[in-house]
A.B. asks: 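One structure, as structure tokens, below. Some questions next.
Every heavy atom of this structure was used, including side-chain atoms; hydrogens, water molecules and symmetry mates were not.
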Amino acid sequence: MGGGIKESDPLSSWAAQRDAELHDSLASCGKVYRETAQLSVAGTRVSFASLAGRKAVNEDAAAVWVAGRPGSIRWAAAVADGVSACLLPELGSSLACLSALAAVAAHQGEASGLRPIAAASEAMQQLAEAVAGRPEAWRPGSVSRSMWKRVLRDGAYFQTTLTVVWEADDGLYVEGLGDGGFSVGVEGGSMGFVPNPSLAVSCIGPGRSDSALYWHSYARWRDAAVFTDGLSPWVENGGDPWGCADAAGALEACLEADETTDNLTLLLVSREAA
């Protein structure tokens, strides 16, 4: 169901305006990077990329915010994968990423108490309340009334998974839900999470507000990778994101391996040598 809505439709227009507002808010207190970038922040290398892969529309989203002033939190990143079975998943993934980063930016001194996924979910619920107040006014012109009724009944629009990573003075933090994965290199090995693909996907959206599946902190860490489920088959079959120079190179290697037809998004972070 995803994709295919024109920007002039109410939901798309609202999303574009909200995207601009969140981007401006984040830019007012730091720098914002979207979709693909490589940067160095206070001794940490950050590389991320997002590609449509072999799908017509990229329903994933990724963004990084770097603090513009001294504080406990140095940077934060968000990776989201819109749920293809719903309406406008690409707008949901973008909204989730920016809403989560805005929550981090607003609480720079409270790294250990942050719950950015809850903040992103709240942004979705605010949209749901607005739509519920005037449902017909929000109906995209290309969506029939009967389909729109089903979409609203099931909350089947803007749904997305979400993983958020942030670095503070006392370590690295990771919170997430959905069918993406992450791996954090720690002293003596690594720790990570790749959900069972046979389980129902947890997500957030205007009619869906699943709780975070995990929340971890790592005081001593060396590197980390976060990826949407499009990379899971490649990783599980021995693909090594760290074997490439950057995230974009890893995505190209995944595509060359021809092990997925999904969108691909990857975040790589590593501590730089002293």
A.B. asks: Would you check if the side chain of T228 reaches a backbone N or O of L264 as a donor-acceptor pair within less than 3.5 Å?
C.D. replies: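 Judged by distance alone, no pair lies under 3.5 Å.
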A.B. asks: For the CZ atom on R45, are there more than 12 heavy atoms of other groups (residues, nucleotides or ligands in this structure) within a distance under 6.0 Å?
C.D. replies: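 Atom CZ in R45 is not crowded, with 12 or fewer foreign heavy atoms closer than 6.0 Å.
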A.B. asks: Working to the nearest 0.5 angstrom, can you tell me the gap between D81 CG and C203 SG?
C.D. replies: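 If we round to the nearest 0.5 Å, D81:CG and C203:SG are 10.5 Å apart.
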A.B. asks: Of all residues at least two apart in sequence or in a different chain, which pass the side-chain contact (heavy atoms from CB on, under 4.5 Å) check with A102?
C.D. replies: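 With neighbours one apart ignored, the set is L22, L26.
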A.B. asks: When you compare the side chain of H216 with that of F182, does any pair of heavy atoms fall below 4.5 Å?
C.D. replies: yes
A.B. asks: Just by distance, do the side chain of W221 and the backbone of S270 share a donor-acceptor pair under 3.5 Å?
C.D. replies: no
A.B. asks: Got a donor-acceptor contact below 3.5 angstrom from the N263 side chain to the V57 backbone?
C.D. replies: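 Judged by distance alone, yes, a pair lies under 3.5 Å.
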A.B. asks: Out of curiosity, S142 OG to D9 CG, how far, rounded to the nearest 0.5 Å?
C.D. replies: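 These two atoms lie 5.0 Å from each other.
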A.B. asks: Would you find a donor on one side and an acceptor on the other, under 3.5 Å apart, between the side chain of W242 and the backbone of L268?
C.D. replies: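 No, the answer is negative, given that no donor and acceptor are paired below the 3.5 Å cut-off.
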A.B. asks: Determine, for K55 against D262, whether the closest basic-nitrogen to carboxylate-oxygen distance falls under 4.0 angstrom.
C.D. replies: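 Judged by the 4.0 Å cut-off on N to carboxylate O distance, K55 and D262 do form a salt bridge.
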A.B. asks: Is it true that E59 and S84 share a donor-acceptor pair across their side chains at a distance under 3.5 Å?
C.D. replies: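 Result is yes, a qualifying pair exists.
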A.B. asks: Among pairs that include at least one residue of residues 210-220, which meet salt bridge (Lys or Arg N to Asp or Glu O under 4.0 Å), considering only residues two or more places apart or in two chains?
C.D. replies: E187-R220, R208-D210
A.B. asks: So, does Q125 use its side chain to make a donor-acceptor pair with the main chain of G207 at under 3.5 Å?
C.D. replies: no
A.B. asks: Quick check: does any side chain N or O of R271 sit under 3.5 Å from a backbone N or O of G43, one acting as donor and the other as acceptor?
C.D. replies: no
A.B. asks: Verify whether one side chain among E167 and W75 offers a donor that lies under 3.5 Å from an acceptor in the other.
C.D. replies: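 Result is yes, a qualifying pair exists.
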A.B. asks: With a 4.5 Å limit on heavy-atom distance, are the side chains of W166 and L101 in contact?
C.D. replies: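 No, their side chains stay 4.5 Å or more apart.
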A.B. asks: Can you hop from M191 to W215 via hydrophobic side chains spaced under 4.5 Å?
C.D. replies: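 Yes, M191 connects to W215 through the hydrophobic network.
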A.B. asks: Answer with yes or no after comparing the ring centroid distance for W65 and Y33 against a 6.0 Å cut-off, counting only values under it.
C.D. replies: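 Aromatic pair excluded; centres sit 6.0 Å or further apart.
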A.B. asks: I need the T163 OG1 to F227 CZ distance, nearest 0.5 Å.
C.D. replies: 9.5 Å
A.B. asks: Could you note down all residue pairs passing salt bridge (Lys or Arg N to Asp or Glu O under 4.0 Å) where residues 135-146 supplies at least one of them, sequence neighbours left out?
C.D. replies: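 Qualifying pairs, neighbours excluded: E136-R139, E136-R145.
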A.B. asks: Would you please name every residue forming a side-chain hydrogen bond (donor to acceptor under 3.5 Å, both in side chains) with S146, sequence neighbours left out?
C.D. replies: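 For S146, the residues satisfying side-chain hydrogen bond (donor to acceptor under 3.5 Å, both in side chains) (neighbours in sequence not counted) are S144.
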A.B. asks: Determine, step by step, whether L51 and E252 satisfy the side chain to side chain contact (heavy atoms under 4.5 Å, CB included) criterion, reporting the C-alpha distance in whole Å, the side-chain angles of both residues, the deciding distance to 0.1 Å, and the verdict.
C.D. replies: CA-CA 9 Å; L51 300 176; E252 290 299 334; 3.8 Å; yes
A.B. asks: Check for a donor-acceptor pair, side chain of N237 on one end and backbone N or O of P233 on the other, with a separation under 3.5 Å.
C.D. replies: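 Between the backbone of P233 and the side chain of N237 there is a qualifying donor-acceptor contact (under 3.5 Å).
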A.B. asks: Less than 4.5 Å apart, any side-chain heavy atom of V83 and any of T160?
C.D. replies: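 They are not in side-chain contact.
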A.B. asks: Answer with yes or no whether the hydrophobic clustering places M147 together with L88; edges join I, L, V, M, F, W, Y residues whose side-chain heavy atoms lie under 4.5 Å apart.
C.D. replies: yes
A.B. asks: Verify the ring-centre separation between Y218 and Y173: is it less than 6.0 angstrom?
C.D. replies: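 Not close enough - the centres of the two rings lie 6.0 Å or further apart.
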A.B. asks: Between Y157 and V131, is any pair of side-chain heavy atoms under 4.5 Å apart?
C.D. replies: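 Yes - at least one pair of side-chain heavy atoms lies under 4.5 Å apart.
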A.B. asks: Rounded at 0.5 Å granularity, tell me how far CG in L267 sits from OG in S47.
C.D. replies: 8.0 Å
A.B. asks: Would you check if the side chain of E259 reaches a backbone N or O of L255 as a donor-acceptor pair within less than 3.5 Å?
C.D. replies: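 Judged by distance alone, no pair lies under 3.5 Å.
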A.B. asks: Tell me, with the steps shown, if D60 and V79 meet side chain to side chain contact (heavy atoms under 4.5 Å, CB included).
C.D. replies: CA-CA 8 Å; D60 288 0; V79 171; over 6 Å; no
A.B. asks: Would K149 and D154 pass as an ion pair if we require N to O under 4.0 Å?
C.D. replies: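 No salt bridge links K149 with D154.
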A.B. asks: Does E90 offer a backbone N or O that forms a donor-acceptor pair with the side chain of S93 under 3.5 Å?
C.D. replies: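 Between the backbone of E90 and the side chain of S93 there is a qualifying donor-acceptor contact (under 3.5 Å).
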A.B. asks: Under 4.5 Å between side-chain heavy atoms, counting indirect links through other Ile/Leu/Val/Met/Phe/Trp/Tyr residues: same cluster for V226 and V186 or not?
C.D. replies: yes
A.B. asks: With R54, which residues qualify under salt bridge (charged side-chain N to carboxylate O under 4.0 Å, His left out), at least two apart?
C.D. replies: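 If we apply the salt bridge (charged side-chain N to carboxylate O under 4.0 Å, His left out) test to R54, skipping adjacent residues, the hits are D258.
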A.B. asks: Can you sort out the partners of A248 under side-chain contact (heavy atoms from CB on, under 4.5 Å), two or more places apart, ordered by chain and number?
C.D. replies: A49, D246
A.B. asks: Walk me through whether W14 and L127 qualify under side chain to side chain contact (heavy atoms under 4.5 Å, CB included).
C.D. replies: CA-CA 9 Å; W14 178 89; L127 172 60; 3.9 Å; yes
A.B. asks: For the backbone of E21 and the side chain of S25, can you confirm whether one donor and one acceptor N or O come within less than 3.5 Å of each other?
C.D. replies: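 Side chain of S25 to backbone of E21: no pair is present.
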